**Q** 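Have a look at this one before I ask anything.
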Amino acid sequence: MYLDNPARPRQQYVEALAARGINISEMFVTRWFHNIGPFKANLRLTSKFPPAKFSLMNQQLLAEYLQFVACVYVRRLVFADEKPFKGIDICPRVRRNPFTGETPHLRTSANAKNRYNVLAMVTLKPELPLFFRVVEETEDAILFQLFVTEVIAHGALRRGDIFVVDNCTIHLAGENEGFADELLVRCGILMITLPPYYAELNPTKLVFQTLVTRMRATRARLGCNETDLLMSVNSTLADFTLQDSSSFYSHCGYFYTNENGIQYN
């Protein structure tokens with residue numbers, strides 16, 4: 001029941017088991033999850049679909065966003081995001097299999113304390129499909145603003161582009177409260193946000209997923225070296241191509257290619 005729907009309320013467990021002649025309380029269900037069940041093993045799943053995602057207001061925001069981007073030339077859409085990054089993301093700890101009792105033998109030198117922030121902006125511009133910076137500072141509004149300024153200077157973000165970000169406070173709140181208006185007036189760039197809880201519409205998320213996958217593949221071949229983590233992140237991101245960006249956009253539904261190789265929004 002848990003694997004079918006991780007967001008299932010406790011009362012449904014009580015009712016389902018009562019129908020089978022097993023009487024338990026909601027408190028028993030809570031204790032089971034915290035002390036016995038999948039929260040203590042490798043079956044743990046989180047709810048990927050919070051109730052607010054399907055609220056009427058959020059669905060209206062989603063419809064407005066999709067109607068807007070459907071009228072925009074896809075090469076004008078530019079997406080950005082940031083991700084904290086640790087060595088343990090590439091060299092994860094191993095976990096004992098709760099069913100067999102076996103522990104995989106995997107030697108690593110992962111350090112969970114060394115933390116970096118990867119700022120990335122993905123486009124469909126042939127000359128610059130991905131612009132990124134890897135920094136050791138904690139991500140904040142000022143750092144994001146400096147990153148956007150650098151992107152504009154390098155031509156990845158140009159007049160007439162639609163700049164899409166998520167609803168993180170460092171993008172549009174606090175010290176960046178008027179940043180969207182400034183971009184529009186001074187640079188002719190319209191900055192909009194994704195609907196809440198719809199990170200799957202941001203191709204930058206796929207950049208980070210692909211980054212981790214490729215670095216883990218490299219680690220499997222060459223071993224895990226924490227001292228080279230920063231260099232490895234930069235070199236892996238530098239190898240991203242326009243074909244990668246196109247596949248990310250296509251996966252998020254911003255265009256598709258027919259059997260003749262013609263792309264459509």
Side-chain angles (χ1 to χ4, degrees), residues 46 48-50 53-54 58-85 89-90 118-134 144 147-148 151-152 154-168 171 183 188-218 232-265:
T46 57
K48 300 180 180 179
F49 304 101
K53 180 174 184 176
F54 301 106
N58 208 46
Q59 292 300 299
Q60 291 176 346
L61 292 174
L62 174 63
E64 292 174 0
Y65 172 79
L66 294 178
Q67 290 173 2
F68 176 77
V69 297
C71 301
V72 177
Y73 181 45
V74 68
R75 294 187 183 275
R76 284 296 189 181
L77 294 174
V78 179
F79 296 84
D81 203 0
E82 56 281 328
K83 175 181 173 58
F85 205 87
D89 294 329
I90 306 304
V118 181
L119 298 94
M121 184 171 294
V122 59
T123 76
L124 289 177
K125 297 179 174 64
E127 64 276 11
L128 196 59
L130 178 68
F131 188 88
F132 65 92
R133 283 291 177 265
V134 184
F144 174 74
F147 174 69
V148 175
V151 169
I152 295 174
H154 281 78
L157 194 58
R158 304 169 184 171
R159 179 175 295 273
D161 283 346
I162 308 298
F163 183 33
V164 187
V165 295
D166 59 23
N167 291 271
C168 185
H171 297 155
L183 277 180
I189 299 170
L190 178 61
M191 184 175 178
I192 63 175
T193 59
L194 291 165
Y197 305 110
Y198 281 93
E200 62 267 26
L201 295 177
N202 192 343
T204 318
K205 298 294 184 183
L206 298 176
V207 172
F208 299 138
Q209 293 178 16
T210 306
L211 169 65
V212 172
T213 300
R214 291 181 179 179
M215 290 189 65
R216 285 182 177 176
T218 302
S232 180
V233 172
N234 280 284
S235 61
T236 304
L237 286 172
D239 290 337
F240 278 66
T241 64
L242 179 62
Q243 184 177 357
D244 293 321
S245 295
S246 298
S247 64
F248 299 152
Y249 273 68
S250 179
H251 186 275
C252 293
Y254 289 103
F255 68 85
Y256 70 94
T257 305
N258 65 8
E259 61 276 6
N260 297 321
I262 303 176
Q263 296 180 350
Y264 295 90
N265 282 51

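As the structure is a computational prediction, the values presented were derived from the model and not from experiment.
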**Q** Flag the pair Asn234 / Phe132 as yes when at least one side-chain heavy-atom distance between them is below 4.5 Å, and no otherwise.
**A** yes
**Q** Can we say Lys53 and Glu200 salt-bridge, meaning some charged N sits less than 4.0 Å from an Asp/Glu carboxylate O?
**A** yes
**Q** Are the side chains of Leu61 and Pro196 in touch, meaning some heavy atoms are under 4.5 Å apart?
**A** yes
**Q** State, to 0.1 Å, how close Arg214 and Thr236 come at their nearest heavy-atom pair, and which atoms those are.
**A** CB-CG2, 3.9 Å
**Q** Quick one: closest heavy-atom pair of Asn167 and Leu194, and the distance?
**A** ND2-O, 2.7 Å
**Q** Write down the atom of Leu130, the atom of Leu237, and the distance for their closest heavy-atom approach.
**A** CD2-O, 3.7 Å
**Q** Check for a donor-acceptor pair, side chain of Ser246 on one end and backbone N or O of Leu124 on the other, with a separation under 3.5 Å.
**A** no
**Q** Measure the OG1-CE distance between Thr210 and Met215 for me, rounded to the nearest 0.5 Å.
**A** 13.0 Å
**Q** Hey, are the side chains of Lys83 and Lys205 touching, using non-hydrogen atoms and a 4.5 Å cut-off?
**A** no
**Q** Would you tell me whether Glu127 and His154 have side-chain atoms, one donor and one acceptor, within less than 3.5 Å of each other?
**A** no
**Q** Using modelled atom types and a 3.5 Å cut-off, is there a donor and acceptor pairing between side-chain atoms of Ser245 and backbone atoms of Pro129?
**A** yes
**Q** Side-chain contact, heavy-atom cut-off 4.5 Å: Lys125 with Leu242?
**A** no
**Q** So does Gln209 get a backbone contact from the side chain of Thr213, meaning a donor-acceptor N/O pair under 3.5 Å?
**A** yes
**Q** Of all heavy-atom pairs between Tyr65 and Leu201, which one has the smallest distance, and what is that distance?
**A** CE2-CD1, 4.0 Å
**Q** Is the side chain of Asn202 donor-acceptor paired with the backbone N or O of Ala199 at a distance under 3.5 Å, no angle test?
**A** no
**Q** Do Leu183 and Val148 have side-chain heavy atoms sitting under 4.5 Å apart?
**A** yes
**Q** Side chains of Phe131 and Leu119: closer than 4.5 Å at any heavy-atom pair?
**A** no
**Q** With heavy-atom distances below 4.5 Å as the criterion, would you say the side chains of Tyr198 and Asp166 are in contact?
**A** no
**Q** Can you give me the closest heavy-atom contact between Val165 and Phe144, atom names plus distance?
**A** CG1-CZ, 4.1 Å
**Q** Hey, do the aromatic rings of Tyr254 and Phe248 have their centres closer than 6.0 Å?
**A** no
**Q** Is the positively charged end of Arg75 above the ring of Tyr249, judged by distance under 6.0 angstrom from the centroid and angle within 45° of the axis?
**A** no
**Q** What pair of heavy atoms forms the shortest contact from Met121 to Ala80, and how long is it?
**A** CE-CB, 3.8 Å
**Q** What I'd like to find out is whether the side chain of Ile189 reaches to under 4.5 Å of the side chain of Leu157, using heavy atoms alone.
**A** yes
**Q** Could you give the distance from OG1 (Thr204) to CG (Leu211), rounded to the nearest 0.5 Å?
**A** 12.5 Å
